[in-house]
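None of the values given here were measured: they were computed from a predicted structure.
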Amino acid sequence: MNVKEAALALWAKSGDPFHPLLAHMLDAAAVAQAVLFREPERTRALYAQDWGLSPEEAVAWVALLVGLHDLGKASPVFQAAWEEGARRVQAAGLPLAEGLEWVAHGVFTELLLKRLLKEKGLPERAANDLAAVLGAHHGFLASSEEKKAARRQLKQEDPLWWEVRGWLLEELFQRLGVRLPKLEGGEARPEAVLRVMALASFADWVASDPGFFPYGRDPLAPDYFGEAQDLAAKALERLGWRPFRLPPRRDFVELFSFAPNPLQGALPQVLKEPKAPVFLLVEAPMGMGKTEAALYAHHLLQGALHHRGLYLGLPTQATANGLFPRVQAFLERVLERPEVQLQHGTALLNPHYAGLLERARPAEVWDEGEEGSAVASAWFSARKRAMLAPYGVGTLDQALLGVLRVKHHFIRLWGLMNRVVVLDEVHAYDVYTSGLLLSLLRWLKALGSSAILMTATLPPSRRRALLEAWAGKALPQDLGAYPRVAVVEGEAVRHASLPPAREVELALERVPVGVEEVAKALKEALPGALGAIANTVDRAQALYLALGEGTPLTLEALASRLGGIPGGQAWEEVRRALPERKDEVVGKVLSDGTLVFLLHARFPAEERALRESVALALFGKGGPRPERAILVATQVAEQSLDLDFDLLYTDLAPVDLLFQRSGRLHRHERPRPEKHAGPKLLLGVPEGLDFGKPLYWDSVYEDFVLLATWRALSGRDRLRVPGDLEALLEEVYEAEDPGSFPEGLRERARKSLERLRERRDREKAHAEKFSLSSLDRLLAYWDEGALVAQERLEDDEEKAETQRLLTRLGDPSVAVVPLFPVGNGLFLDREGRRRAPLEGEVFREEAEALFRRAVRLSRFPLPQDLLKEEAPPAWWKSGLLRGLRLLEVGRVFGSGAGAFRVELDPELGVVYRPV
C-alpha cells in the first residue's frame, strides 16, 4: 500500500466532488491562522505566552492543532459511513471491517491524538488535554462509554491505519512549519487549552462551508495552503470578522458631547495607564451616568491594553434592549462600521437590531450599507456565534453560559477573551447566579479580559466576594465612602470616593396593600404621571382592573390623543410600529381622561416590546408627558428603564430593590404638578406583615429580608437617596439578628433566617458544583458539572428537569405560543385571520411571526405538562421555534380546587382564571 495515496483517498466531506480529509484539515488550519492574524497583537501574545513560543510560532502551532481536529475521520468507522467514499478508501489499500459500531469521529480524534502527539514529543499531560479538547469540537467532551466503544474499534482495525494517520500528522507539521512548544512542568494551563478548544470549533464552522471553501480541491497542489489562506481571509471578510484596528484616543467630551460628571471624570486618574487587565467596581446611585462611565472606561482600557472589544451584560432582555441603541451610537462615534450584536433569546424582535441584520442581507454577509454605520452580520446572529463578535449587548445569562458545561460553552468564553466585559446591576442576582458570576470573573481574568461591574447597591459581603474572586485572595475592604469607584490591577487596589450627582430626600408614606385602596390612593394623587410597581403579575393585573373600567386604548388612539406621534429618539420605536400595529391595545382610558397602562412579563413578546416602548416614551425623559397617566408594572420597570414618575407606589420589597424603584421617582429635572413638587414614595405594607397567600410575596422574596426591610424602615417618614443607602443595606443584609425584632416577630424571624441561610448555602454549593468554579475543572470528569455535561444540554435547553442547572435557579418555565381555536384551526389572532403553520415547511416570515408571539410561563403545572408534549413537527425544523410549545388559549391545567384556565386578554396579557 502507498501510504500517501491511501491518505489522500480519505474523505472529510461527501459529495461530488468530495473534499479530501487533508484538504479540510489544511482549510481549518488556514482559518485559524486568519482569525488570529485579524485579532489584536495582544491576543496573539496570549497564545504565545500559553506555549512559550514567539507570536508567529504560536499561531503556526495552534493552527496545526486546529487542523488536527478532524483526524478522527481517518478511521474505518467514519470512512465506511459514505458508500462511495468507502469504496475509494478500500481501493487505495485501507481495509474496512464488517459490522462496525458507530462512534462519533471526535471521540476517535481524542484517542488518536493522545498517542500521536506523545510520539511526536509533546509531554503526556499536555498531549492528553489537547487531544480531549480537539475531540470536543462539536460541543462536548467524549464520555467514558464513547471512548470505550472507540477503543474496541481501534483494536479491530488494520495497523495500516496508523501509518496513514502518522503521514497526515507529518504533512501538517511540514506544511505549517511548526516546532513543538517547551512546556514547564509538562502541562498547559487550562486557559491555554480552552483557547485552542474554542478556536477549533470556530475554524471548523467556517472551513466546513462549501460557499467559502469549495469541495474537491487537490491538497497536493503546489500552493494549496496559500490558496486556503486566501479563501480564509475572504470568508472572514464576508462574515464581518475584520482586522482589529485600535481607535484613536479621545477625551470624554469628544465621545459624548457633554462634560463629565465626578464619576466619569475620575476614571482616567483611577485607571491610570494599566499594564494588565483590571477589575473596575463602580458603586453609585441612579442618575450618575454609570453607562457613559463604563463606555468611557472601555475606551481607555482598549487604548491601553488593546482589548479586542466590549460586551455589556444586563439583568434582563428589557434592559439590554434599552441600552442597545446607546451602545450602538457610541461605537459608531469611535469605530468605522462596528460589528455589534444584541444577544438574548428575543433579540430578533428588537427593531434596532433587526435593522442592522437587514443591512447584512440577502447574502447573510457584510453589505456596504450606510457609510460609517453599524452592521450586525447574520452569521454572528446565531445563538452561540454571537458571542464571537467583538462588540455586543445582551444579558448576563449569555455570558454565564460560558462557565456551565452546556454545548460549546467554551465558544462563549473565547468570545469574551481579551475584551472589556461590563456587567450592570450586579446586586440584582440571587445567590446561585452570583456564584456563577464569581466563576465568570475568574475566567475573565485568566483569559486576559478586563471586567467592569456596576451597581447602585451592594452589601459588603457581596463586594468582598467579587473582589476576592478577581484577585484570588482577600483584599483591603476600605474603599472609601459611597458613592465610589475601585480598581484592582494585579495586587494594587486604587479607589476614589465621589460626590453624589444629587442628594434626594423623598417622603415615605405607608398605605394599605389592598388593590382597591392602592387604586384609590393613586387616583387621588392625580393629576400627574404616576407609577405603581407590584411584586407579582397577578397583583399588577388586579391593580390595573381596580383603577376602573375604561375604553381600550389602541396605538392609533394614543397617537390621536397626542396629536400624532412626536419626534425624538424616545418615540422612534412607537413611530415605526404605528402603521402595522395601530389597532393593538396598549392600555385604557378612564372616564375622566386618565390613561392607564400595564407592563409585565406575561404579554406575548411583541406586545410586551410595544408596551415597553410606549411606557418609555410617555414616562421617560422625552415628551410629551401626559397630564393624567398611571403605569402599573412589575419588576420589569425596576432596573435600567429610564422611567420618571411624579409619584410612585411600590409593594414592600428588599431594601436594595426599594432604592432601585425609588430611582424612578423625580428622575429628571422637569416641571411637576404642584402637589408633586417633592418626591413621595407610597409603600404598601400588609397588615400583620403577612406576605403569604393571597399576596405570595414570600414566593418572590425571602421572608426574612422582607421582615428586615420593614424593621429597618420602621419609624422613618423620609428617605435620603443615596445618603441612607449603605446604612440600610448593612442593617438588612449584614446585621442578621432575630433578637432585634419586636417580641412577637422574633420566632418568625429566627425560623425565616434559618431557612434563608440554608437556601444560601444550598445555592452557593450548586454554583460551585455545576460551574467551572476553578480553572482546573475545564476537563474534569469527576464532579457534578461533568454529570451535567453528560446530559448534552443545548444552551437553550427546555427540559424541565435540566432547566434548573442553567443560569438561574427557580421554578421550571416554558416558552409558549398562545394560539386561538377558531373553527377547526388554530390561529395567531382572535379573529381567525392568521392561521398558525403547524405542518409542512415553516417559512422564515411565518417562523418570525410565531416567535414574536412567544411568552414564557411558569405557573404549576403548566410547564410540567407542556414540556412533556412535543412541539408541532414543523417547528422542530426551525432553529427559531425549536424550543417553543403550542398553548391553545382556553386550555385548563391542574385539577380540583387548583385548576385554572389560561386566557390571553388584550389588555391584561396572559391571565390564569380559576375553573
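- The pair Glu191-Arg195 does not count as a salt bridge, with every side-chain nitrogen at least 4.0 angstrom from each carboxylate oxygen.
- Centroid-to-centroid, the aromatic rings of Trp443 and His409 stay 6.0 Å apart or farther.
- The existence of a salt bridge linking Arg757 and Asp761 is excluded, since no basic side-chain nitrogen approaches an acidic carboxylate oxygen closer than 4.0 Å.
- Atom CG in Leu141 sits 10.0 Å away from atom CD in Glu146 (nearest 0.5 Å).
- The backbone N or O of Ala294 lies less than 3.5 Å from no partner atom in the side chain of His298, so there is not a single donor-acceptor pair.
- Among all heavy-atom pairs drawn from Ala127 and Lys114, the shortest one is CB-O, 4.3 Å.
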Run the numbers on Leu267 and Leu280 for side-chain contact (heavy atoms from CB on, under 4.5 Å), then give the verdict.
CA-CA 10 Å; Leu267 291 173; Leu280 172 64; 4.1 Å; yes
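- For the pair Glu702 and Arg755, the salt-bridge criterion is not met [side-chain N within less than 4.0 Å of a carboxylate O].
- Looking only at side-chain heavy atoms (C-beta outward), Leu466 and Leu438 come within less than 4.5 Å of each other.
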Where do His307 and Arg42 land on the side-chain contact (heavy atoms from CB on, under 4.5 Å) test, with the steps shown first?
CA-CA 8 Å; His307 287 307; Arg42 185 169 178 274; 3.7 Å; yes
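- Across Ser201 and Ile411, no two heavy atoms sit closer than the pair CB-CD1, 3.7 Å.
- With values rounded to the nearest 0.5 angstrom, Arg462 atom CZ is found 13.0 Å from Leu467 atom CG.
- Arg494 contributes a side-chain N or O that, together with a main-chain N or O of Val270, makes up a donor-acceptor pair within less than 3.5 Å.
- Contact annotation: the side chain of Arg326 never approaches that of Val393 to less than 4.5 Å [non-hydrogen atoms, C-beta and beyond].
- Taking all atoms of both residues into account, the shortest heavy-atom contact from Leu458 to Arg463 is O-NH2, 3.4 Å.
- Between Glu39 and Tyr47, every side-chain heavy-atom pair lies at or beyond the 4.5 Å cut-off.
- Side-chain contact check for Pro277 versus Lys445: every heavy-atom pair is 4.5 Å or farther apart.
- In plain terms, the two heavy atoms of Arg856 and Ser813 that are nearest each other are NH1-OG, 2.9 Å.
- Crowding of Glu41 atom CD: a count of heavy atoms from other residues, nucleotides or ligands under 6.0 Å not exceeding 12.
- Closest approach of Leu479 to Ala486, counting heavy atoms only: CD1-CB, 3.9 Å.
- Residue Arg44 holds its CZ atom at 11.5 Å from CZ of Arg38, rounded to the nearest 0.5 Å.
- When every heavy atom of Leu342 is checked against every heavy atom of Ala320, the shortest pair comes out as CD1-O, 4.1 Å.
- Side-chain contact between Phe410 and Val193: absent, with no pair of heavy atoms (C-beta onward) separated by less than 4.5 Å.
- Between the side chains of Arg308 and Thr43, not a single donor N or O lies within less than 3.5 Å of an accepting N or O.
- Rounding to the nearest 0.5 Å places OH of Tyr391 at 9.0 Å from CZ of Arg419.
- Taking the side chain as every heavy atom from C-beta outward, Arg189 and Gln49 approach each other to under 4.5 Å.
- Arg412 contributes a side-chain N or O that, together with a main-chain N or O of Gln398, makes up a donor-acceptor pair within less than 3.5 Å.
- Side chain to side chain, His137 and His105 meet the donor-acceptor criterion of an N or O pair below 3.5 Å.
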Tyr311 and Gln343: side-chain contact (heavy atoms from CB on, under 4.5 Å), yes or no, with the steps?
CA-CA 10 Å; Tyr311 182 73; Gln343 295 171 237; 3.6 Å; yes
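- Ser771 places no side-chain N or O within 3.5 Å of a backbone atom of Val403 that could act as its donor or acceptor partner.
- Inter-residue side-chain proximity for Asn418 and Phe244 is flagged as unmet; no heavy-atom pair is nearer than 4.5 Å.
- Looking only at side-chain heavy atoms (C-beta outward), Leu756 and Glu736 come within less than 4.5 Å of each other.
- Under the side-chain hydrogen bond (donor to acceptor under 3.5 Å, both in side chains) criterion, Thr109 pairs with no residue at all, not counting sequence neighbours.
- Here the CG atom belonging to Leu64 is positioned 8.0 Å from the CG atom belonging to Leu117, to the nearest 0.5 angstrom.
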Go through the steps to decide whether Val66 and Phe202 satisfy the test side-chain contact (heavy atoms from CB on, under 4.5 Å), and finish with yes or no.
CA-CA 10 Å; Val66 169; Phe202 182 7; over 6 Å; no
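- Note that the CG atom of Leu68 and the CG atom of Leu130 stand 10.0 Å from one another [nearest 0.5 Å].
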